[in-house]
Amino acid sequence: MHKSLKIIILVVSIFLALSGAAVWYVSSAINPAQLTKILSSTAKSATGRDLVISGPVSLKLFPSISVTADQVSFSNAPWASDKQMFTLKHIEMDIRLLPLIKGDVEISRMRLVGLDAHLQTNNAGEVNWGTTALVAIVSDPSVGGASKEAGNASDSDSNPFMTIETLDISDSRISYQEDKSAPSELLLPKLILDRNGSKTDVLMEAKYAKNTLGLKGQISWIRQAVIDWNEKPVKIDIDLVATVNEKTLDIKGVLNKNPQALPQFDIGLSSKSFNFLPLAGSAALAAGESKQNSAGGEQGKYFFSDKLLPFTMLPEADGKISLNIAELVIPHQAPFINLKANALFKKQHIEVNDLSFSLGKGSAQGQIVIDQYHGANPSVKLKWMAQGFTWEQMIGSSDSSSKVSGGLTQIGMNIQGSGKSLHQLVSYANGVAQISVGPATMGTQYLNEGGDLVISILNAIDPMQKKTAQTNLSCAVAYLPIKNGVINVDKSIGIETDRLNIVGNGSVNLATEAINLTIDPKEKSGLTTGVDLGGLVKLQGTLQNPKAGVNQAGVVNSAVSIGLGFLTGGISIAAENAKGILTKEQPCKTALHSWSDIYPGAAK
């Protein structure tokens, strides 16, 4: 036993001596000041940007070998709004001992605290990140270590960033800005990617606007997938759970990548109850605020934004994404039930087939096709039919003065357009859209919520409506044919209330967004005060700034009728109004077109 103890003590002593020698070697081999210069020069040569470490750089030997730095910044693209693409309060990198002894640097763990990143795209679609920015440092196999002899190791292994097994980001903020618009912000209290055998554990906590987001689960080992991406076949298994405001979405599937071939994937998204619409609402609100904040508070030029759509973010791949959500919660209205869809990807072509859901007692189905989205002129096709639900279900309100009751609704569209922005898409659009609404009662406050323009038009069409608590709608139909971005309305807008028949005529140019519509109401009773104010109303201006103008033809016709009324004691006025009763005008029936012409297969 005494001899064995001596051997153990000897082994331990030798191990401690070797460890001490290794620590001495590391401490003498790593010069923090020199390391700062190397990192800065590497970033400059790889990206053309400046990496500045203004705080102290230090070396820690226990409990592991690590290099820490404070107050780190990385300069932005010349055209970007912010001077720095990102700043860091603190960065910590754990370095493996054995490779370091051999002269190589391998980072096993990276911790970032207080990351403040500013991501931006310009009007030309360029981004301030990508192959010319920080990604070049991370992906360049020549960065960071001594060169390997051919056949000795993969080039990717010589990059110290490619050896990271744990990434820990905390107390961070990421902003995204489209051109000069107001940026949107994502707060990132926690993001951890940690190797667990052949998998990577994922844990994220984030906040966007007033929404709490989360992501948790596992995917295949990221580091190995990056190393093998274009060298060997790669298979990435995905098993994640996304959370939005405590509602969960399961994300399961697989991604396969063969060398020099497009990725192939099959991913399923499923949930018993989910609500991602607050994110879309927050994004829309941010877009609206950016219009007000830009150009000294002025609105954007167009109602349909001319900002570039994020087509470049769509992947060029082969695969399928299946969506199956039992209940999609939508604020202030009935939820979508059994929302299902299949999105098929084929290079630069996406088809969303079998998109369907139920709403109340109604249902909706449609298809979306996006083609050549990385090209100069992407195209979008949309076919849609929704029926059997009520306007009351779509517009929820607890205010009795704003309440809508009834209104059986049907909506159909078959439209296609091309372009890189929403404005371009509608400017070159062709197709047709139609909506019909059945009997409904609407509180006066609901109509007033349309704004000053709507109130002015309503008061002109029906001066008595402001004295009533509600409006009784018999029906409303809008048939909108679109040819080369122009909507032509030829008695294809019809509205019937308990007192009025209303017909719309004219056009809307979606390229210039110019409005040229006349509103022609007739009283059903044949009784009148002698002045048909509705005949004088013309909707003009643009979609962004509509105005109620004067219909000169209506003025002449009304003047003639009024003049004859004085001469005939009012007989001509009564006769003109009575003519509407005798001819039994039916504006809704006149405007309505066959649904099967809009959406093939729909009931007429």
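No hydrogens, no waters, no symmetry mates; every other heavy atom, side chains included, goes into these values.
Arg49 contributes a side-chain N or O that, together with a main-chain N or O of Ser75, makes up a donor-acceptor pair within less than 3.5 Å. A distance-only check finds a donor-acceptor pair linking the side chain of Asn245 to the backbone of Thr212 [under 3.5 Å]. Between the side chain of Thr243 and the backbone N or O of Glu246 there is no donor-acceptor pair closer than 3.5 Å. The closest donor-acceptor contact from the side chain of Ser170 to the backbone of Pro189 lies at 3.5 Å or more, if one exists at all. Between the side chain of Lys257 and the backbone N or O of Ala261 there is at least one donor-acceptor pair closer than 3.5 Å. At least one donor-acceptor pair under 3.5 Å links the side chain of His374 to the backbone N or O of Leu314. In this structure, Asn324 contributes its side chain and Lys340 its backbone to no donor-acceptor pair below 3.5 Å. The backbone N or O of Leu249 sits nowhere less than 3.5 Å from a side-chain atom of Ser271 that would complete a donor-acceptor pair. With hydrogens and angles disregarded, a donor-acceptor distance shorter than 3.5 Å links the side chain of Arg195 to the backbone of Gly197. Listed for the Gln120 side chain is a donor-acceptor partner under 3.5 Å among the backbone atoms of Ser81.
Ring-plane geometry between Phe74 and Phe86 is classed as parallel, the angle between the planes falling under 30 degrees on a 0 to 90 degree scale with a further cut at 60.
Classification of Asp237 and Lys199 as a salt-bridged pair holds, one side-chain N sitting under 4.0 Å from a carboxylate O.
Looking only at side-chain heavy atoms (C-beta outward), Gln224 and Asp228 come within less than 4.5 Å of each other. Side-chain contact between Lys207 and Leu186 is absent, with no heavy-atom pair separated by less than 4.5 Å. Considering only heavy atoms from C-beta on, Lys247 comes within 4.5 Å of Ser273 through its side chain. Side-chain contact check for Arg109 versus Glu92: some heavy-atom pair is nearer than 4.5 Å. At a threshold of 4.5 Å between non-hydrogen side-chain atoms, the residues Gln264 and Leu262 do not count as touching. Side-chain contact between Ile219 and Asp239 is absent, with no heavy-atom pair separated by less than 4.5 Å. Residues Val369 and Val380 form no side-chain contact, since every pair of their non-hydrogen atoms from C-beta on lies 4.5 Å or further apart. Using a 4.5 Å heavy-atom threshold, the side chains of Lys347 and Asp318 count as touching.
Annotation: cation-pi geometry satisfied between Lys383 and Tyr599 (NZ/CZ under 6.0 angstrom from ring centroid, within 45° of ring axis).
Rounding to the nearest 0.5 Å places CE of Met204 at 12.5 Å from CD1 of Ile192. Interatomic distance, Glu165 CD to Asp94 CG, rounded to the nearest 0.5 Å: 11.0 Å. Taking CE of Met385 as the reference point, atom OG of Ser356 lies at 14.5 Å (rounded to 0.5 Å). Distance check, rounded to the nearest 0.5 Å: CG of Leu339 to CG of Leu359 gives 11.5 Å. Expressed to the nearest 0.5 Å, how far CD1 of Ile169 lies from CG of Asp171 amounts to 11.5 Å. Taking CD1 from Ile174 and CG from Leu188, the interatomic distance works out to 5.5 Å, rounded to the nearest 0.5 Å.
The aromatic ring centroids of His423 and Phe304 lie 6.0 Å or more from each other. A ring-centre distance under 6.0 Å is not found for Phe311 and Tyr373.
Here the closest heavy-atom approach between residue Gln177 and residue Pro183 is recorded as CB-CB, 4.0 Å. For Met413 against Ile598, the heavy-atom pair with the smallest separation is N-CG2, 3.7 Å. Here the closest non-hydrogen pair linking Lys420 and Ala376 is CE-O, 3.4 Å. Listed here is the closest heavy atom pair of Asn275 and Val244: O-CG1, 3.2 Å. Summarising the geometry of Trp384 relative to Leu355, their closest heavy-atom pair is CZ3-CD2, 3.4 Å, with the distance given to 0.1 Å. The two residues Leu119 and Asn128 have their closest heavy-atom pair at CA-OD1, 3.5 Å.
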Go through the steps for Ile368 and Ile370 under the test side-chain contact (heavy atoms from CB on, under 4.5 Å), then give the verdict. CA-CA 7 Å; Ile368 303 171; Ile370 306 175; 4.3 Å; yes
Start with the C-alpha gap between Ile53 and Gln71, add the side-chain angles, then the distance that decides, and say whether side-chain contact (heavy atoms from CB on, under 4.5 Å) holds. CA-CA 6 Å; Ile53 304 176; Gln71 306 306 319; over 6 Å; no
Using the rule given for side-chain contact (heavy atoms from CB on, under 4.5 Å), can you reason through Val57 versus Thr68, listing the C-alpha separation, both sets of side-chain angles and the distance that settles it, and then say yes or no? CA-CA 6 Å; Val57 178; Thr68 66; over 6 Å; no
CA sep, side-chain torsions, deciding dist, call: Asn342, Ser322, side chain to side chain donor-acceptor pair (under 3.5 Å): CA-CA 5 Å; Asn342 290 307; Ser322 301; 3.0 Å; yes
Full working for salt bridge (charged side-chain N to carboxylate O under 4.0 Å, His left out) between Glu185 and Arg173: CA-CA 7 Å; Glu185 292 185 353; Arg173 182 181 74 99; 2.5 Å; yes
Check the pair Leu240, Ile238 against side-chain contact (heavy atoms from CB on, under 4.5 Å), reporting the backbone distance first and the verdict last. CA-CA 6 Å; Leu240 301 169; Ile238 302 170; 3.9 Å; yes
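With Ile482 as reference, Ile415 is the one residue of Ile415, Val426, Asn414 to meet the side-chain contact (heavy atoms from CB on, under 4.5 Å) rule.
Surrounding OH of Tyr428 are at most 12 heavy atoms belonging to other residues, nucleotides or ligands under 6.0 Å away.
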